[in-house]
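Remarks on the structure that follows.
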Amino acid sequence: MSRHQRLRSAARSGRKAVPPLRFLLPSLVLAALMGMLMLRGLVTNEVFHDSRVAESVDKTTVPRHLLTGGPIVDSRDGKERSYRPADHTMALTFDDGPDPDWTPKVLDILAKHHAHATFFVTGSMATRYPELIRRMVAEGHEVGLHTFNHPDLALHSTTRLSWELAQTQLALAGAAGIHSSLFRPPYSSKASALDDLTWPVVKELGKRGYITAFIDTDTDDWKRPGVDAIVKAALPKHPGEGSVVLMHDSGGERSQTVAALDRLMPLLEAEKYRFTTVTESLGAPSAHTQVTGFPLWTGKVFIWFASASVVLMPILVALLAVVGGLVLARFALMLLLSALHVRRTRRAGFSWGPPVTEPVTVLVPAYNEQECIANTVRSLAESDHPIEVIVIDDGSSDDTADIVEALALPWVRVIRQANAGKAAALNTGLAHASHDLVVMMDGDTVFEPSTVRELVQPFGDPGVGAVAGNAKVGNRDTLIGAWQHIEYVMGFNLDRRMYDVLGCMPTIPGAVGAFRRSALVEAGGMSDDTLAEDTDVTMALHRAGWRVVYAERARAWTEAPQSMDQLWSQRYRWSYGTMQAMWKHRHALLERGRAGRFGRIGLPLVAVFMVVAPLLAPLIDVFLVYGLLFVDLGKTLLAWLAVLAVQAVCAGYAFRLDREKPWHLISLPMQQIVYRQLMYLVLLQSWITALTGGRLRWQKLRRTGEVEAAPVVAA
């Protein structure tokens, strides 16, 4: 049994077929994109950034001997000790790096004087510039932790402390294959500044095996007081005493720091000073431990993904600009060309040509439409234009054909055939049609009395080969129905007006379309090469040299999918079928005449507005979520509201053109939040299916027969 037969068997037996893995891939793609954005925000301090600094409080819990002791505090093993560097030893320390501009210059000066130093790095900077961490370690310098995002740990929980430590160690492992047991809290200074807020942090660090390095001397180089002032501040207060000196190799313009370092070191070398790392100044083993195995590879993967996320961001921003431009361009084109279309078709005395009064054949392909088919046929009975109706029962397993025959309408014929698909059913009906003008409609659609007449009037122009009608959602009183109603009026019908003016209509809706039989035969009839047989045949008609136009007054009321599952199935077929049809008719790009016009105008517009722009459109929402959570809530929300306002203007204009009541637009914001995301996932799945070579068959949606008759619409 084939896969298609297994799916059909499962559907008939009431079991839900298990969806293939590719149904999950679109969601995973969007989740991965959001994850990469968050990772980029993490390493650039946009995510979890906190610049608050705790105010100093009492020191009642801090041991007195630590307040008067040395700058190195060791609270491991429950013991509280402090140490000072040996005499004539200076531990140069640099905070907040590494920086791609200034850290290499600092390293060059240290190498020039054959000196070692300690760099207290932030995990975010180490992740962005791992090559500098590797250089530090290779040249014998010491690396200590300065948290990942530089928060004041006195204001955060031990959970945040754990995260800051773990992420920074992960970055060090990935960058240089090391962990470090040396730590310096952000915003710290001398050990004498410990208080009741910061002491618990030092004790917690000791429990986790870290030594905390404070300072003896702060050069205040970050203030850029001048080279002389920095050198003076770094000199020992008492001749020969050891000290831990604070400088910065990141956080701003550091040329004064580099110049001061180059001047300071010869001065102290003349006084027999040596420049060492923090642990060397104590005569202790290095703070570094080598990392191997799984932790090492985890760190390398983290560094790789973080680097990729930083590189990816400019690309995503550029794509966001592209999709924003495409969306605005589409709105502008739709508004301008729709206005031109209305002005042309509604002007006094407008006519396509001589009135068309000849009889018409209406083809109704049906597969398991017993809930709707009677309403469909009864609506045709009210037609004010002479018609014959052919219902093609495409192997239904329900009572569709029997219901039509039971109506006993003399101008209605039922043709039964084995299930072969919609295209085959339409070709069967076309072969039995008595008239040259053929209207095609779905078995879940109802026509107004004037629909057929309005639909065939453009055939008064002998160059018109097909006409697209105005499909409307009949079951619009549910939330999903209201969202589709907005989409039909704003998207589909404004689009059709635009494409009509440009002379490159890409799709005649299956719910309401009319054709010259001779044009269909010339175009090869209805094809089952794609899942979107209506788009396929429309493109074929353009390539055969026929005009395809839009008749706004030819309204048809169709039953839209009632659930998200059904909607997904329908739109998946549409979007994938559209891609198939575009690929099938790609050679129109090189053809001449009307075919070439469609190929060089219609196909690019369909590709840009119906494939590329929707494919990139999730970036708008991904950046929206990212901005709301991590950047600027107010500005991000304002930008989103501006985009929504533009869409509301277009939707309001479309509703006005279609003479629709605007109260359904109240659900537009929710449509943008929920419904549009579903459409994104559908398109992503279609792309994945196309790229992986997957195939899809015509899917049957469950109908309820809710749309019984066409509503009365104001003229």
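In this structure, Ser667 contributes its side chain and Met670 its backbone to no donor-acceptor pair below 3.5 Å. Of the possible donor and acceptor atoms, one in the side chain of Arg134 sits under 3.5 Å from a partner among the backbone N and O of Ala175. Of the possible donor and acceptor atoms, one in the side chain of Gln169 sits under 3.5 Å from a partner among the backbone N and O of Ser180. Counting only distance, with no hydrogens or angles, the side chain of Asp58 and the backbone of Thr60 share no donor-acceptor pair below 3.5 Å. Under the 3.5 Å distance criterion, the side-chain polar atoms of Thr89 are matched with a main-chain donor or acceptor of Asp87. A donor-acceptor pair under 3.5 Å is absent between the side-chain atoms of Ser243 and the main chain of Pro236, judged by distance alone.
Atom OG of Ser309 is separated from atom CG of Leu39 by 4.0 Å, given to the nearest 0.5 angstrom. Atoms CG and CH2, from Leu246 and Trp222 in turn, are 11.0 Å apart once rounded to the nearest 0.5 Å.
Side-chain N/O atoms of His150 and Asp50 include no donor and acceptor closer than 3.5 Å. With no hydrogens or angles considered, a side-chain donor-acceptor pair links Asp196 and Thr61 at under 3.5 Å. Judged purely by distance below 3.5 Å, without hydrogens or angles, the side chains of His248 and Asp95 never pair a donor atom with an acceptor atom. Inspection of the Thr212 and Arg184 side chains reveals no N or O donor paired with an N or O acceptor under 3.5 Å. Looking only at atom types and distance, the side chain of His113 has a donor-acceptor partner in the side chain of Asp262 under 3.5 Å away. Side-chain polar atoms of Thr279 and Glu142 form a donor-acceptor pair below 3.5 angstrom.
A salt bridge between Arg160 and Glu164 is present, with a side-chain N of the basic residue lying under 4.0 Å from a carboxylate O of the acidic one.
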Intermediate values then yes/no, salt bridge (Lys or Arg N to Asp or Glu O under 4.0 Å), Asp74 and Arg81 | CA-CA 5 Å; Asp74 183 0; Arg81 303 172 296 272; 2.9 Å; yes

inquiry  = Go through it in stages, so that I can follow the logic: the residues are His114 and Phe275, the test is ring pair (Phe, Tyr, Trp, His ring centres under 6.0 Å), and I'd like the CA-CA distance, side-chain angles, deciding distance and then a yes or no.
reply    = CA-CA 9 Å; His114 308 287; Phe275 300 94; over 10 Å; no

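Residue pairs that meet the salt bridge (charged side-chain N to carboxylate O under 4.0 Å, His left out) test with at least one member in residues 234-253, sequence neighbours left out, are Arg224-Glu253.
Here His141 pairs with His116, Phe119 under the ring-ring contact (aromatic ring centres under 6.0 Å, His included) rule; sequence neighbours left out. Every residue meeting the salt bridge (Lys or Arg N to Asp or Glu O under 4.0 Å) condition with Arg330, not counting sequence neighbours, appears here in chain and number order: Asp495.
Within a 6.0 Å sphere centred on NZ of Lys59, heavy atoms belonging to other residues, nucleotides or ligands number more than 12. Enclosure of atom OH in Tyr187 by more than 12 non-hydrogen atoms of other residues, nucleotides or ligands within 6.0 angstrom is indicated.
In this structure, Asp216 and Lys190 have side chains that are not in contact, with every pair of non-hydrogen atoms separated by 4.5 Å or more.
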